[in-house]
Peer 1: 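The structure under discussion is supplied below as structure tokens; questions concerning it will follow.
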Amino acid sequence: MSAQDQIKKTVSENDVVLYMKGTPVFPQCGFSSTVVQILDYVGAEYASVNVLEDPEIRQGIKDYNNWPTIPQVFVKGEFIGGCDIVKEMFETGELRTMLSDKGITTKA
Amino acid sequence: MGIIASSIKEKLKQSFNPSQLEVIDESHKHAHHRGAHEHAADGGSAESHFHVVIISDKFEGLSRLAKHRAVLDVLSEEIAQIHAFSLEASAGQCVELPVSV
């Protein structure tokens, strides 16, 4: 399967997907770590993909969306943004609203 | 100011005519971590981490994603050469700095 097909499959099969450097337990980049903390805080379940494990996915995720940076967050297959956008959405409360609008359970 | 920083500044000025623009080179804060080493090993310059704050009327009415995309598109050459880029882009309201009493 090509990297593009693999990404398409992952983001369509999981409600929330985080492409990141490292893992939620051991993030290897400050921006990835911030997004992990936010998603954990709002209590949304998410699948994570460590782009450092696969150079093709690492490049592929940048091409998939024509978005040059990592982390990247997808909700129901839709690209939401990277660390800056997720952080702003979290701070204004939009993140939680958007997740619940899309039927994703968060912590109260 | 480094060559990448000046290039970022110049392109953003030309494209967005910003009322406020700050291009902050944060590379020194990251000089010891893995990303910076990888970046240097790949032949990257000492300019690796940037934070940009930009306020421009041209962002009026754009979604967050669209604002970020507009900036990223203009800076694609620069972003390809650096390790980290973060951005605060706004159309201009509510940007007063907190005043300490």
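Here is how names work: the chains are called A, B, and so on, in the same order as the sequence lines, proteins then strands, and each is numbered from 1.
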Peer 1: State which residues pass side-chain contact (heavy atoms from CB on, under 4.5 Å) with D25(B); sequence neighbours excluded, sorted by chain then number.
Peer 2: S27(B), E47(B), F50(B)
Peer 1: Heavy-atom distance under 4.5 Å to chain B: side chain of F31(A), backbone, both or neither?
Peer 2: side chain
Peer 1: With only heavy atoms counted, which part of I80(A) is less than 4.5 Å from chain B, the side chain, the backbone, both or neither?
Peer 2: backbone
Peer 1: With a 3.5 Å distance limit and no angle check, can you tell me whether D5(A) reaches the backbone of M1(A) through a side-chain donor-acceptor pair?
Peer 2: no
Peer 1: Using heavy-atom distances under 4.5 Å, tell me whether L72(B) contacts chain A through its side chain, its backbone, both, or neither.
Peer 2: side chain
Peer 1: Can you tell me which portion of L65(B) sits under 4.5 Å from chain A's heavy atoms? Options are side chain, backbone, both or neither.
Peer 2: both
Peer 1: Would Y64(A) and F79(A) satisfy ring pair (Phe, Tyr, Trp, His ring centres under 6.0 Å), going step by step from the backbone distance to the final call?
Peer 2: CA-CA 10 Å; Y64(A) 185 74; F79(A) 175 57; 8.9 Å; no
Peer 1: Name all residues meeting the side-chain contact (heavy atoms from CB on, under 4.5 Å) criterion together with E94(A); count only those two or more places apart in sequence or in a different chain, and write none if there are none.
Peer 2: M89(A), T92(A), R64(B)
